[in-house]
There are 2 protein chains.
Amino acid sequence: MSVSLASMRAEHPGIFADGCPTRTVLDHVMGKWGILVLLTLSDGTQRWGALRRNIDGISEKMLASTLKTLEADGLVLRTAYPEVPPRVEYALTDLGHDLMTHVIPLMGWVADNANDIVGPRE
Amino acid sequence: MSVSLASMRAEHPGIFADGCPTRTVLDHVMGKWGILVLLTLSDGTQRWGALRRNIDGISEKMLASTLKTLEADGLVLRTAYPEVPPRVEYALTDLGHDLMTHVIPLMGWVADNANDIVGPRE
DNA sequence: CAGCATCCACCTCGATACTG
DNA sequence: CAGTATCGAGGTGGATGCTG
C-alpha cells in the first residue's frame, strides 16, 4: 500500500496525469452523486424507489445516469426481476464493497469535521 | 469511528441530507480538481508555478478558484512573501493533513484498480 | 414501479488577454 | 512570478411528461 503521492508515482508512472484512467474513476466516483449512491448502497441491496427516497435531493435523471455509470464501472450490480409490477434491485459488487472499505472511514471523518470546515463561515 | 452509513446516521441525524455541511465538503474536496490539488500538496509545500506544472491539465482559473475554496475551508494555507518578484507558497494545514490521512489510502486503491474499472471498456 | 425522452437554465470550465 | 478579468462553448442537472 502506498503512503504518499510520491510513492504512488514511483509504482505507477504517469499516475493522475491527464487522460489517466484514475481521472475517469475520480470523475465517476467523486462526482456529486456517485459517492452518495455508493454510500447508500453500502447499507445493503436496495430497490430503485428506496434509493430515490434515501438520497435526498437526487432527481430521477441523475439517479438513472449515476447508476448506469457505476454499473458500467463494475461497482454496482443491477438485478431486474421479470415481474409485474417490475422490481429492480441494486447492490454493490465485490469491487464496490472493496472501494467502500476505503471510502467509509473518509466519510466518517467528513461527518465529524464538516461543521468545523463549513460551519464558521456559513 | 463509524463503520457504516447506518452508524454514521445514528451519530449524526440528517447526515448527508440536502443542505448538510457534508454535502458542501464533498463538493469542494471531491470535485474534479480539489482532490488533485490536495494530493499534490500532500507531497509538501509548493509554489503556485509548481502546482500549475504538477497538476496536469489544470487551468490558471481553476487552480486559483480551487485554492481559494480550499483555503477558505481551512484545508490549505497560503503564505505570500512581500518580495519582488512575488513568491507565494501553498501548504496543507493540520486539518488538511488529517484529511489526506484518509484520502491517500483511497487514492492508492484507485491507482491499483483504475485499469480494472476503466480499462476493459475504453 | 422503474424508468426514458425532451427541453432548457444555469454554471462550470477553458482560452485569452491583461496587471502588480 | 502570481495572479485577475472577461467571454463564450459545453456539459450538468432539474422539471415535466410519457411508457411497459
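Every chain is numbered from 1, with letters handed out A, B, ... down the list of sequences. Quantities reported herein were computed from a predicted structural model and do not represent experimental measurements.
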To the nearest 0.5 Å, what is the distance between CG (A:L95) and CG (A:L77)? 12.0 Å
Take the protein atom CZ of B:R78 and the nucleotide atom C1' of D:dT4, then report the distance between them rounded to whole Å. 12 Å
Pairwise distance OG1(B:T40) to CZ(B:R53) - rounded to 0.5 angstrom: 12.0 Å
Quick one: what's the B/S/- string for nucleotides 14-20 of chain D, heavy-atom cutoff under 4.0 Å, read 5' to 3'? BB-B--B
Once side chain to side chain donor-acceptor pair (under 3.5 Å) is applied, what residue pairs with a partner in residues 55-66 of chain B remain, sequence neighbours excluded? B:R52-B:E60
Does anyone know the first and last nucleotide of DNA chain C in reach of chain B, 5' to 3', at under 4.0 angstrom to a heavy atom? C:dC13 to C:dG20
Whether A:R78 side chain and A:Y90 backbone form a donor-acceptor pair below 3.5 Å: no
Please report the C-alpha distance between A:V110 and B:L26 in whole Å, then the side-chain angles of each, then the deciding distance to 0.1 Å, and finally whether the side-chain contact (heavy atoms from CB on, under 4.5 Å) criterion is met. CA-CA 8 Å; A:V110 170; B:L26 248 42; 4.2 Å; yes
Write down the distance between CD (B:E89) and P (D:dA2), rounded to a whole number of angstrom. 9 Å
Donor-acceptor contact below 3.5 Å, side chain A:T93 vs main chain A:G74: yes
Just verifying a value: how many Å separate A:L99 CG and B:L106 CG, rounded to the nearest 0.5 Å? 6.5 Å
Rounded to whole Å, the CD-P distance (B:Q46 to D:dG3) equals 14 Å
Have a look at B:R52 and say if it touches a base, only the backbone sugar-phosphate, or nothing, with a 4.0 Å heavy-atom cut-off. nothing
Scan A:Y90 against the nucleic acid and name what it touches under 4.0 Å (heavy atoms): base, sugar-phosphate only, or nothing. sugar-phosphate
Salt bridge B:R87-B:E89, side-chain N to carboxylate O under 4.0 Å: yes
